[in-house]
Amino acid sequence: KLLIDSMVDICDEKGFDTKHTYIWADCFCSNHHRSFDFKTYLTSVRALLLKTREVVCLLNCWKDPDYLKKMWTITVLFVAVVEKCNITFVLPPSERLELVNEIS
């Protein structure tokens, strides 16, 4: 539910039509728990990002997000920065509210 709510929120914020927007959810499309060739992975991530020019990083929380603890997500973020892609960080609604309350 949090994944869907967060993706709908980001589509709304960016003005994307949710009926015609396609999302590559890396966690569902790639098995990063088996060994793999890093160079091949890096090449495929770069090719994908050069086509999309857009990365949405879904964080589970704002204090200590799991996204920043995994090599493959850090790699995607690194390539996105190097290739000057648009990067958006998304928090679930409850976490976003907690962050706003914390900085207020």
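This is a predicted model, so every value here is computed, not measured.
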Enumerate the residue pairs fulfilling salt bridge (charged side-chain N to carboxylate O under 4.0 Å, His left out) with a member in residues 40-59, sequence neighbours excluded, ordered by first and then second residue. K14-E54, R46-E83
Rounded to the nearest 0.5 Å, what separation is found between the OG atom of S6 and the CG atom of N60? 10.0 Å
Using a 4.5 Å cut-off on heavy atoms from C-beta on, say whether the side chain of K69 contacts that of D64. yes
Closest heavy-atom contact between V55 and C57? CG1-SG, 3.7 Å
Treating Ile, Leu, Val, Met, Phe, Trp and Tyr as nodes and any side-chain heavy-atom pair under 4.5 angstrom as an edge, say whether I10 and L58 lie in one connected cluster. yes
If you group Ile, Leu, Val, Met, Phe, Trp and Tyr whenever their side-chain heavy atoms sit less than 4.5 Å apart, what else falls in with I4? V8
Taking side-chain contact (heavy atoms from CB on, under 4.5 Å) as the definition, give me every residue that meets it alongside K63, ordered by chain and number, with sequence neighbours left out. E98
Give me the atom names and distance for the closest heavy-atom approach of L42 to V79. CD1-CG2, 3.5 Å
Rounded distance [0.5 Å steps], CG in L97 versus CG in N101: 4.5 Å
Would a 4.5 Å heavy-atom cut-off, applied to side chains only, mark V90 and E13 as touching? no
In chain order, what residues pass the salt bridge (Lys or Arg N to Asp or Glu O under 4.0 Å) check against E102, with sequence neighbours excluded? none
For the atom pair CG (D12) and OG1 (T18), what is the distance rounded to the nearest 0.5 Å? 7.0 Å
Output the distance between atom CG (N86) and atom OG1 (T88), rounded to the nearest 0.5 Å. 6.5 Å
Here the pair of heavy atoms bringing L49 nearest to A80 is CD1-N, 3.7 Å
With sequence neighbours excluded, residues passing side-chain contact (heavy atoms from CB on, under 4.5 Å) with L68: P65, L77
Close side-chain approach of I74 and W72, heavy atoms under 4.5 Å: no
Tell me whether the count of non-hydrogen atoms from other residues, nucleotides or ligands lying under 6.0 Å of CZ in F38 goes above 12. yes
Using 0.5 Å steps for rounding, measure from the CG atom of L91 to the CH2 atom of W62. 9.5 Å
Over all atoms of both residues, closest heavy-atom pair of D17 and H20: OD2-ND1, 2.6 Å
Expected output: side-chain T73 to main-chain Y67 donor-acceptor under 3.5 Å: yes
With side chain to side chain contact (heavy atoms under 4.5 Å, CB included) as the criterion, how do R96 and D9 come out once you've worked through the C-alpha distance, each side chain's angles and the decisive distance to 0.1 Å? CA-CA 11 Å; R96 186 183 317 177; D9 284 352; 3.7 Å; yes
Tell me, please, which residues at least two apart from T40 pass side chain to side chain donor-acceptor pair (under 3.5 Å). D37
Which atom pair, heavy atoms only, marks the closest approach of L59 to P92? O-CD, 3.0 Å
Give a yes or no on whether V45 and F89 share a hydrophobic cluster (residues Ile, Leu, Val, Met, Phe, Trp, Tyr; joining criterion: side-chain heavy atoms under 4.5 Å apart). yes
Do Y41 and L50 sit in one hydrophobic cluster, given that two such residues count as connected whenever their side-chain heavy atoms are within less than 4.5 Å of each other, even indirectly? no
